[in-house]
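The structure appears below as structure tokens.
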Amino acid sequence: MSDTTATRILSFIEARFPQARIDAAQDIFSLGFINSLFAMELVMFIEKTFALTVPNDELNINNFRTVGAMTALVERQRGTVGVA
């Protein structure tokens, strides 16, 4: 997992929810911070920040539950999984 990618995603979430203290493995939906509007903001943030388009088949809640899952999504779309 790219620390830079994860840090940027985590920073975005914490900027929206300053009271949130989460790590890359916590399910942000179960913590109650995420609603449907913020979920769309997350998709737009990821697309803009990492210069990619999330394909419809990747618009799955499980790809957005954790910072780790979102980081893996970005890496898959960039084709950088397993690249050091």
Query raised in the report: Tell me, do Ser30 and Arg65 make a side-chain contact under 4.5 Å, heavy atoms counted?
Result: no
Report summary line: Taken to the nearest 0.5 Å, the spacing of Leu73 CG from Leu59 CG works out to 8.5 Å
Query - Reported CZ-to-CZ distance for the pair Phe29 and Phe38, which is rounded to 0.5 angstrom - result: 9.0 Å
**Report entry** Co-membership, hydrophobic cluster, residues Ile61 and Leu37, 4.5 Å side-chain
**Finding:** no
Query raised in the report: What distance do Arg76 atom CZ and Thr71 atom OG1 have between them, rounded to the nearest 0.5 Å?
Result: 10.5 Å
Report task. Tell me, yes or no, whether the heavy-atom count around Asn56 atom CG, taken from other residues, nucleotides or ligands under 6.0 Å, exceeds 12. Result -> no
Query - Spacing of CD1 belonging to Ile9 relative to OG1 belonging to Thr4, to within rounding of 0.5 Å - result: 11.0 Å
Report summary line: What one should report as the nearest heavy-atom pair of Met70 and Ile13 is CE-CD1, 3.9 Å
Query raised in the report: Closest approach of Ala69 and Asn62, non-hydrogen atoms and distance?
Result: CB-O, 3.4 Å
Query raised in the report: What closest approach, in Å, do Gln77 and Thr53 show between heavy atoms, and which atom pair accounts for it?
Result: OE1-O, 3.9 Å
Would you tabulate the side-chain donor-acceptor contacts of residues 40-52 under 3.5 Å, counting partners in other chains and residues two or more places apart, or write 'none'?
from	atom 1	to	atom 2	distance (Å)
Glu41	OE1	Arg16	NE	2.8
Glu41	OE1	Arg16	NH2	3.0
Glu47	OE2	Val54	N	2.8
Thr49	OG1	Phe45	O	2.8

Query raised in the report: With sequence neighbours left out, what residues match Glu14 under salt bridge (Lys or Arg N to Asp or Glu O under 4.0 Å)?
Result: none
